[in-house]
Engineer: 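Got a structure for you, written out below as structure tokens; questions coming shortly.
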Amino acid sequence: MKDKRKRHISKMIRFLMTVLTSVLIVLILIIILMVSRIQGTARVVNYAGLVRGKTQRIIKLEDAGMPQDEMIADVDGYIEGLRFGSEELDLVSLDDKAFQAKMEELDAYFDTLKQEIDLVRQVGYENTNIIQKSETFFSLCDVATGLAETYAQRIATRLEQFEALTIIDIVILIFMILYELFKAFHYAKANRELKSKIYLDEATGLPNKNKCEEILTLEAEQNMAICVFDLNNLRIINNQQGHERGDLYINLFAKSLRNGVDENQFVGRYGGDEFIAFFKNVTKEDVKRNLENIKKECAKCSEIPLSYAAGFAYSNDFSKLTMRELFCQADKNMYIDKNQAKINEATEKRDLILRVIQQLKDKGYNFSDCIYCDAKIDAYFTLRASYSFFLAEDGIYSGAVEQILNELFEENKKEEYRHVLQLDYLNECLTKENPVLEISYCHQIKRTKLKGKIIAVYLDSDEKNHLHHFALGFKIYGLTSNLVTLL
């Protein structure tokens, strides 16, 4: 709805800009015409004054006995030009009724004045009314000149009004253009941000798979390397500690990777728990040095131990490989490293299981169903399990507690034993001095009554003397028709 309104406003503004531009063109054309008319009006005023002055001169010279037929013809031409316009004199005909009426009267009176001049030539000016008539003509010229000046002033006032309208139109247009420019800059900025988001992985701040894929379309060059990284144990962390912890795991590795690789080289997230580093103008020793730096940066992370597999391919080791082929070669080398890491982790886990089982045996316990728990990270994995064991191979300990309550306890006992199995309670009561906590239960399932014990066994504490690792063993007995069968 908001976007629709913005589009409507934008269309209205563009329409108004079109209208205002058209109006501005019309105003400019009108102003050009009015300026031309003012220029013509100015000449009319000048020639109206010229008629007045030249006529006075004619009268003086005629009274002195000096005929001025040529000047009289000039005044006739001036009057005609003032009335009807003249290309020769560059005069326009003023569109003013009062002026035209006065010019018509002036033209007629000039004919009377010319007759009086002819009489002067015959009998002398003393015996005529030439002086009085010339004064009347002078007054008529004054009025005509005044009317021409008034007309010119009226045109000038209109011109000022049109100029004001033009300025208003231009100012509005400027504001609209500035608004559109601001909007264009805003959209350009938004497009730049959108473009950066298209190539940015928001979770890690590194370039994302789109950017990595774009680089993989480039041509491979000499002294170039691609290194591929894959995080180990992410699935386990997600299952045991939750996806939030898994996201932190990814983010911490991304920071360690960026800090470990030279600043001028490219590092990006290829998706999920995979990362890529592109190296240009490097030797194989430079790549190995960067890999060592990454290892050191990962070792600095104390929040979560970072484990990853890495493999690289160096362009000089191959002939005519594309970037995609070089990447595939690096990916193969990474999986070799990952398989070795998995073998090492499996060996370490097997050794841990054997060691813990031996510890339990030394304490006199030989559970058929038993889990190894980490109180610090709220996680567990299975040490031993019979075919009927109800817990998954690994996961979150607090989630396992809920499953244990559902499987082994009556509804009215769940809340009581939920408290007992919580990590906070175990941290208080399960210590080196009190290494065992037994929880008895009895649970009716259809016609079978299950009876048994859950035994929590202390294994070790952390540096703050808080419970770290412990084992949770299950001894389950089944009573059916008063016969006790050890399951």
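Nothing fancy with the numbering, it's 1 onward along the sequence. Every value quoted in this text rests on a predicted model; they were computed, and no experiment measured them.
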Engineer: Which heavy atom in Tyr425 sits nearest to a heavy atom in Val420, and how many Å separate them?
Structural biologist: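 That closest heavy-atom pairing would be CD2-O, 3.1 Å.
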Engineer: Do Leu291 and Ile294 come close enough that some side-chain heavy atom pair is under 4.5 Å?
Structural biologist: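 Leu291 vs Ile294: side chains touch.
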Engineer: List the atom of Ala254, the atom of Leu206, and the distance in Å for their closest heavy-atom pair.
Structural biologist: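 Looking at all heavy atoms of both residues, the closest pair is CB-CD1, 3.8 Å.
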Engineer: Thinking salt bridges, do Glu345 and Lys342 make one under a 4.0 Å N-O criterion?
Structural biologist: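 No, this pair does not count.
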Engineer: Run the numbers on Gln359 and Val457 for side chain to side chain contact (heavy atoms under 4.5 Å, CB included), then give the verdict.
Structural biologist: CA-CA 10 Å; Gln359 278 184 264; Val457 182; over 6 Å; no
Engineer: What about the rings of Tyr441 and Phe409, do their centers lie closer together than 6.0 Å?
Structural biologist: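 Yes, the ring centres sit under 6.0 Å apart.
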Engineer: Can Asn290 and Val282 be said to form a side chain to side chain contact (heavy atoms under 4.5 Å, CB included), step by step?
Structural biologist: CA-CA 11 Å; Asn290 276 268; Val282 292; 5.9 Å; no
Engineer: Can we call the ring centroids of Phe474 and Phe389 under 6.0 Å apart?
Structural biologist: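 Yes - the distance between ring centres of Phe474 and Phe389 falls below the 6.0 Å cut-off.
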Engineer: Can you find a heavy atom in the side chain of Lys338 that is under 4.5 Å from one in the side chain of Phe229?
Structural biologist: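 No; the side chains remain at least 4.5 Å from each other.
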Engineer: So, Arg235 and Asp273, do they make that salt bridge, N to O below 4.0 Å?
Structural biologist: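 No, no charged N to carboxylate O under 4.0 Å.
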Engineer: Contact between Leu354 and Gln358 at the side-chain level, heavy atoms closer than 4.5 Å - yes or no?
Structural biologist: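 Not touching, per the 4.5 Å side-chain cut-off.
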Engineer: Can we say Glu292 and Arg289 salt-bridge, meaning some charged N sits less than 4.0 Å from an Asp/Glu carboxylate O?
Structural biologist: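 Looking at Glu292 and Arg289, the cut-off is not met.
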Engineer: Closer than 3.5 angstrom, by distance alone: can the side chain of Asp331 be matched with the main-chain N or O of Val228 as a donor-acceptor pair?
Structural biologist: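 Side chain of Asp331 to backbone of Val228, a donor-acceptor pair under 3.5 Å: no, none is there.
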Engineer: Taking the side chain as every heavy atom from C-beta outward, state whether Val436 and Lys363 have any pair of such atoms under 4.5 Å apart.
Structural biologist: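 A side-chain contact is absent here, since even the closest heavy-atom pair is not under 4.5 Å.
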Engineer: Any sub-3.5 Å donor-acceptor pair from Asn316's side-chain atoms to Asn223's backbone N or O?
Structural biologist: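 Answer holds: yes.
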Engineer: Please check if the number of heavy atoms outside Glu416 that lie under 6.0 Å from its CD is greater than 12.
Structural biologist: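 Correct, the count exceeds 12.
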Engineer: Minimum heavy-atom separation for Leu306 to Ser256, with atom names?
Structural biologist: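 Where Leu306 meets Ser256 most closely, the heavy atoms are CD1-OG, 3.7 Å.
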Engineer: First locate atom OG1 of Thr150, then atom CG of Asp96, and finally report the distance between them rounded to the nearest 0.5 Å.
Structural biologist: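 If we round to the nearest 0.5 Å, Thr150:OG1 and Asp96:CG are 8.5 Å apart.
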Engineer: Is there a side chain to side chain contact (heavy atoms under 4.5 Å, CB included) between Phe470 and Leu423? Walk through the geometry before answering.
Structural biologist: CA-CA 11 Å; Phe470 65 96; Leu423 290 173; 3.9 Å; yes
Engineer: Do you know which of Phe275, Phe278, Phe327 makes ring-ring contact (aromatic ring centres under 6.0 Å, His included) with Tyr270?
Structural biologist: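 Answer after filtering Phe275, Phe278, Phe327: Phe327.
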Engineer: Set out, in order, the CA-CA distance, both residues' side-chain angles and the distance that settles side chain to side chain contact (heavy atoms under 4.5 Å, CB included) for Asn406 and Phe390, then state yes or no.
Structural biologist: CA-CA 10 Å; Asn406 288 334; Phe390 52 82; over 6 Å; no
Engineer: Show your reasoning for whether ring-ring contact (aromatic ring centres under 6.0 Å, His included) applies to Phe99 and Tyr151.
Structural biologist: CA-CA 8 Å; Phe99 176 77; Tyr151 177 80; 7.8 Å; no
Engineer: So, does Asp169 use its side chain to make a donor-acceptor pair with the main chain of Leu165 at under 3.5 Å?
Structural biologist: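 It does not hold such a pair.
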Engineer: Keeping Asn208 on the side-chain end and Asn210 on the backbone end, is there a donor-acceptor pair under 3.5 Å?
Structural biologist: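 Such a contact is found between Asn208 side chain and Asn210 backbone.
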Engineer: Keeping the roles fixed (side chain from Lys432, backbone from Leu459), state whether a donor-acceptor pair exists under 3.5 Å.
Structural biologist: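 Here the side-chain-to-backbone pair does not exist.
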Engineer: Got Asn366 and Arg384 here, is their nearest side-chain heavy-atom distance under 4.5 Å?
Structural biologist: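 Contact flag for Asn366/Arg384 side chains = yes.
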Engineer: Are the side chains of Asp424 and Asn427 in touch, meaning some heavy atoms are under 4.5 Å apart?
Structural biologist: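 The answer is no; the side chains never approach within 4.5 Å.
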Engineer: Got a sec: does the CD of Glu180 have more than 12 other heavy atoms crowding it under 6.0 Å?
Structural biologist: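 Yes, the 6.0 Å shell around CD holds more than 12 heavy atoms from other groups.
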Engineer: Any salt bridge linking Glu402 with Lys414? Criterion: basic side-chain nitrogen under 4.0 Å from a carboxylate oxygen.
Structural biologist: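 Between Lys414 and Glu402 there is no salt bridge, as every charged N stays at least 4.0 Å from the carboxylate O atoms.
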Engineer: Using a strict cut-off of less than 4.0 Å between a Lys/Arg side-chain nitrogen and an Asp/Glu carboxylate oxygen, indicate whether Lys288 and Glu285 qualify as a salt bridge.
Structural biologist: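 Salt bridge flag = no for Glu285 with Lys288.
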Engineer: Does a donor on one side chain sit under 3.5 Å from an acceptor on the other, for Glu297 and Asn293?
Structural biologist: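 Not at all, the side chains of Glu297 and Asn293 share no donor-acceptor pair under 3.5 Å.
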Engineer: Taking all atoms of both residues into account, what is the closest heavy-atom pair of Leu467 and Leu430, and its distance?
Structural biologist: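 Answer, listing the atom of Leu467 first, then Leu430: CD1-O, 4.0 Å.
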Engineer: Supply the atom-to-atom distance Leu27 CG to Gln161 CD, rounded to the nearest 0.5 angstrom.
Structural biologist: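 The distance works out to 12.0 Å.
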Engineer: Nearest 0.5 angstrom please: Leu231 CG to Cys298 SG, how far?
Structural biologist: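 The SG atom of Cys298 is 8.5 Å from CG of Leu231, to the nearest 0.5 Å.
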Engineer: Just say parallel, tilted or perpendicular for the rings of His469 and Tyr372, cut-offs at 30° and 60°.
Structural biologist: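 Because their plane-to-plane angle is under 30°, the rings of His469 and Tyr372 count as parallel.
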Engineer: Please report the interatomic distance SG(Cys328) to CG(Asn333), rounded to the nearest 0.5 Å.
Structural biologist: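 Rounded to the nearest 0.5 Å, the SG-CG separation comes out at 11.5 Å.
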Engineer: Within 45 degrees of the ring normal and closer than 6.0 Å to the centroid, is that where the cationic atom of Lys349 sits relative to Phe381?
Structural biologist: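 Yes, cation above the ring, under 6.0 Å and within 45°.
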Engineer: Above 12 or not: heavy atoms from other molecules or residues under 6.0 Å from CD of Glu411?
Structural biologist: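 It does not: Glu411 CD has 12 such atoms or fewer within range.
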Engineer: Under a 3.5 Å distance rule, please check whether Ser398 uses its side chain to pair with a backbone N or O of Gln422 as donor and acceptor.
Structural biologist: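 No; judged by distance alone, with no hydrogens or angles, the pair does not exist.
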Engineer: Does Ser315 reach the main-chain N or O of Glu221 with its side chain, forming a donor-acceptor pair under 3.5 Å?
Structural biologist: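 Yes; at least one donor-acceptor contact below 3.5 Å.
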Engineer: Find the distance between NZ (Lys361) and CZ (Phe367) and round it off to the nearest 0.5 Å.
Structural biologist: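 One gets 12.5 Å once the value is rounded to the nearest 0.5 Å.
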Engineer: Quick check: are there more than 12 heavy atoms from other residues, nucleotides or ligands sitting under 6.0 Å from CG of Asn465?
Structural biologist: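 At most 12 heavy atoms, drawn from other residues, nucleotides or ligands, come within 6.0 Å of this atom.
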Engineer: Can you name the closest pair of heavy atoms from Tyr417 and Ser440 and give their distance?
Structural biologist: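 Tyr417 and Ser440 have their closest heavy atoms at OH-O, 3.6 Å.
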Engineer: Nearest 0.5 angstrom please: Tyr458 OH to Leu437 CG, how far?
Structural biologist: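 With rounding to 0.5 Å, OH (Tyr458) is 14.5 Å from CG (Leu437).
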Engineer: Keeping the roles fixed (side chain from Glu325, backbone from Thr322), state whether a donor-acceptor pair exists under 3.5 Å.
Structural biologist: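 Pair found, side chain donor or acceptor close to backbone of Thr322.
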Engineer: Is the side chain of Asp286 donor-acceptor paired with the backbone N or O of Thr283 at a distance under 3.5 Å, no angle test?
Structural biologist: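 Side chain of Asp286 to backbone of Thr283: a pair is present.
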Engineer: Is any side-chain heavy atom of Asp351 closer than 4.5 Å to one of Glu348?
Structural biologist: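 No, side chains not in contact.
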Engineer: Within the side chain of Asp462, is there an N or O that forms a donor-acceptor pair under 3.5 Å with the backbone of His468?
Structural biologist: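 Side chain of Asp462 to backbone of His468: no pair is present.
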Engineer: Within a strict 4.5 Å, meaning less than it, do heavy atoms of the Lys376 and His466 side chains meet?
Structural biologist: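 Not in contact.
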Engineer: Please give me the minimum heavy-atom distance between Asn251 and Ala203, naming the atom from each residue.
Structural biologist: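 Closest heavy-atom pair between Asn251 and Ala203: ND2-O, 2.7 Å.
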